Amino acid sequence: MPQVLSSTTILQHNKELAHIFRQMSDCYKYLGPDERFRAIAYDTASKTLSNMTEPIDIYGHDIKKLDELKGVGERIAGKIIEYIDTGRIQTFEKLKQQVPFALLELMDVEGIGPATVRTLHDALQVNTRDDLIHAVEQGKLSAIKGFGEKKINTLMKVLKLDKQENKRMPLQLAERIGNELVRFVEKMPGVVQASLAGSARRKKETVGDIDIIVTAERRNWKKIIRRFVQLPQVKKVLASGETKASVILTENDVQADIRIVHPDEYGAALLYFTGSKEHNIQLRSMAKRKGCKINEYGVYDVHTNKRLAGETEEGIYRLFNLPYIDPVKRLGKDELQAG
DNA sequence: GTTT
DNA sequence: TTTGACG
DNA sequence: AAACCGTTCAAA
């Protein structure tokens with residue numbers, strides 16, 4: 001991502017507001033399904049703010065101007081003004097009171113969502129990380145419904161990792177590890193194709209985990225998964241099923257995920273698992289407007305249920321009169337408008 | 001919460 | 001069978 | 001007022 005020039009100070013308010021709205025979104029996610037759309041709304045506003053290249057301040061106190069921003073309506077506009085004027089947002093301050101704010105960052109971790117955090121809080125009366133660590137050490141988790149060995153392990157891991165700090169790896173490292181893994185997988189009997197997907201394929205500066213898409217005939221899937229989780233560089237198996245598996249690699253404790261699909265579904269799967277999330281949502285939105293639906297297996301006509309594309313990414317983009325979009329550009333901004 |  | 005998590 | 005992406009899969 002290009003360094004946003006030297007305007008970091010000028011865009012200070014944008015950054016701060018984006019961060020606050022993101023946290024508000026987390027709060028609403030925590031509050032549950034009733035608030036899920038409010039959570040999405042704040043997330044949208046947060047992203048708009050962080051993608052802006054002009055300081056929000058130039059809109060002054062003009063609610064109508066602010067309202068023109070995507071995802072910013074009357075209410076959020078008011079909160080932007082409130083923040084610029086007072087440096088605080090009352091609604092946010094109140095929200096922080098009614099949720100275990102210190103636990104919300106756990107939701108950033110793979111395998112832990114709002115519901116898990118909510119359950120922890122309700123069942124254990126924990127409000128801080130230390131509370132939670134204490135409870136875990138007392139072995140209180142196993143009494144909670146839905147908390148089996150797997151989940152407890154990831155939680156313990158998270159709490160340890162979080163002390164060290166949640167580490168995404170630099171792109172270069174991810175590419176090295178990922179490509180090496182792909183070369184291993186490619187050689188496995190039955191594998192047709194293997195590719196690096198996820199944020200590493202998009203060349204994000206930092207990468208959270210390694211995502212690998214494999215195509216193979218169904219009869220070979222189990223065998224491939226079995227081999228994958230037994231690879232020498234695998235330190236620990238987090239999950240292993242019929243079509244996908246998650247492992248921790250010895251090197252850097254990096255998480256690696258593998259997903260297997262039919263060769264026909266390669267494009268759709270690659271597209272889906274390459275993201276970004278925002279890009280996928282926009283593409284699906286566009287597809288829906290045109291009477292299609294996209295999933296990780298292909299593109300389908302909503303009415304006839306006929307499969308229209310999915311073998312290649314190019315084919316999917318072409319179906320919607322779009323040029324092939326380089327993974328690097330799949331940011332969920334305006335890359336779909338141009339086509 | 002915002003958008004249609 | 002339900003549900004949380006995912007890009 | 002109603003929609004807001006869309007699905008499967010693993011884990012419990």
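No experiment lies behind these values; they were computed from the predicted model shown. Letters A, B, ... are given to chains in the order of the sequence lines, protein chains preceding strands, and every chain is numbered from 1.
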Let me check I have this right: for DNA chain D, each base becomes ., (, ), [, ] or |, based on Watson-Crick or G-U pairs with both distances under 3.5 Å. What is the full string? ||||||.|||||
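Judged by the 6.0 Å distance and 45° axis criteria, Lys96(A) is positioned over the aromatic ring of Phe101(A).
A 4.0 Å heavy-atom criterion places the boundary nucleotides of DNA chain B facing chain A at dG1(B) to dT3(B), written 5' to 3'.
One interatomic measurement links the two molecules: CG of Asp211(A) to C1' of dC9(D), which rounds to 15 Å at whole-angstrom precision. Atom CD1 of Ile258(A) and atom C1' of dC6(C) are 17 Å apart (whole Å). The separation between Phe147(A) atom CZ and dT3(C) atom P is 15 Å, rounded to whole Å. In this structure, Leu336(A) places its CG atom 15 Å from P of dC5(D), rounding to the nearest Å. Here dG4(C) presents its P atom at 16 Å from CG of Leu106(A), a figure rounded to the nearest Å. Look at CZ on Arg118(A): it is 7 Å from P on dG4(C), rounded to the nearest Å. For the pair Phe273(A) CZ and dC6(C) P, the interatomic distance rounds to 12 Å; values are reported in whole Å. Look at NZ on Lys204(A): it is 12 Å from C1' on dG7(C), rounded to the nearest Å.
Less than 4.0 Å separates DNA chain D from at least one heavy atom of each of the following residues of residues 292-308 of chain A: Lys293(A), Ile294(A), Asn295(A), Tyr297(A).
Contacts of Thr116(A) with the nucleic acid, taken as non-hydrogen atoms under 4.0 Å apart, involve only primed sugar atoms and P, OP1 or OP2. Among the atoms of the strands shown, none is found under 4.0 Å from any heavy atom of Leu270(A). Backbone-only engagement by Ile112(A) is indicated by non-hydrogen atom pairs under 4.0 Å involving sugar-phosphate atoms exclusively. In this structure, Lys79(A) reaches the sugar-phosphate backbone alone: every heavy-atom distance under 4.0 Å involves primed, P, OP1 or OP2 atoms, never a base. Residue Thr274(A) is classed as a sugar-phosphate contact, given heavy-atom separations below 4.0 Å to backbone atoms only. Residue contacts shown for Tyr272(A) include a base, since a base heavy atom lies under 4.0 Å away. Glu74(A) comes within 4.0 angstrom of sugar-phosphate atoms only, judged by non-hydrogen atoms across all strands, and of no base. Across all strands, Ser240(A) comes closer than 4.0 Å only to sugar-phosphate atoms, never to a base (heavy-atom distances). As judged by a 4.0 angstrom heavy-atom cut-off over every strand, Leu69(A) is placed among residues touching the sugar-phosphate backbone only. Counting any heavy atom pair closer than 4.0 Å across all strands shown, Glu242(A) reaches sugar-phosphate atoms only and no base atom. Residue-level contact check: Phe37(A) touches the bases, meaning some heavy atom is under 4.0 Å from a base atom. The residue Ile76(A) sits close only to the backbone: its heavy atoms come under 4.0 Å of sugar-phosphate atoms, none of a base.
In this structure, Ser199(A) and Val207(A) approach most closely via the heavy-atom pair OG-CG1, 3.6 Å. The two residues Met52(A) and Leu11(A) make their nearest non-hydrogen contact at O-CD1, 4.1 Å.
Rounding to the nearest 0.5 Å places CZ of Phe184(A) at 4.5 Å from CD of Gln233(A). Between atom CD of residue Glu265(A) and atom CD1 of residue Ile213(A) there is a gap of 11.0 Å, rounded to the nearest 0.5 Å. Taking OG of Ser240(A) as the start and CZ of Arg226(A) as the end, the distance is 9.5 Å to the nearest 0.5 Å.
Between the Asp131(A) side chain and the Asn127(A) main chain, a donor and an acceptor come within less than 3.5 Å of each other. Side chain of Thr215(A) to backbone of Pro263(A): no donor-acceptor contact under 3.5 angstrom is found.
Taking the six-membered ring where the residue is Trp, Phe21(A) and Tyr42(A) present tilted rings, their angle falling between 30° and 60°.
Looking at the side chain of Lys288(A), the nearest of the listed nucleotides dG7(C), dC4(D), dA11(D) is dC4(D).
In this structure, the side chains of Thr206(A) and Pro170(A) stay at 4.5 Å or more apart for every pair of heavy atoms.
For Arg284(A), the CZ atom counts as densely surrounded, since its 6.0 Å shell holds more than 12 non-hydrogen atoms of other residues, nucleotides or ligands.
Each of Ile40(A) and Gly146(A) lies near DNA chain D, and the nucleotide nearest Ile40(A) is the one positioned closer to the 5' end.
dT2(B) and dT7(D) have their P atoms separated by 28 Å, given to the nearest Å. One P atom belongs to dC6(C), the other to dA3(D), and the distance between them is 27 Å to the nearest Å.
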Can Lys236(A) and Asp253(A) be said to form a salt bridge (charged side-chain N to carboxylate O under 4.0 Å, His left out), step by step? CA-CA 9 Å; Lys236(A) 193 174 177 201; Asp253(A) 281 340; over 6 Å; no
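With respect to Arg88(A) and Glu82(A), no salt bridge is recorded, no charged nitrogen being found less than 4.0 Å from a carboxylate O.
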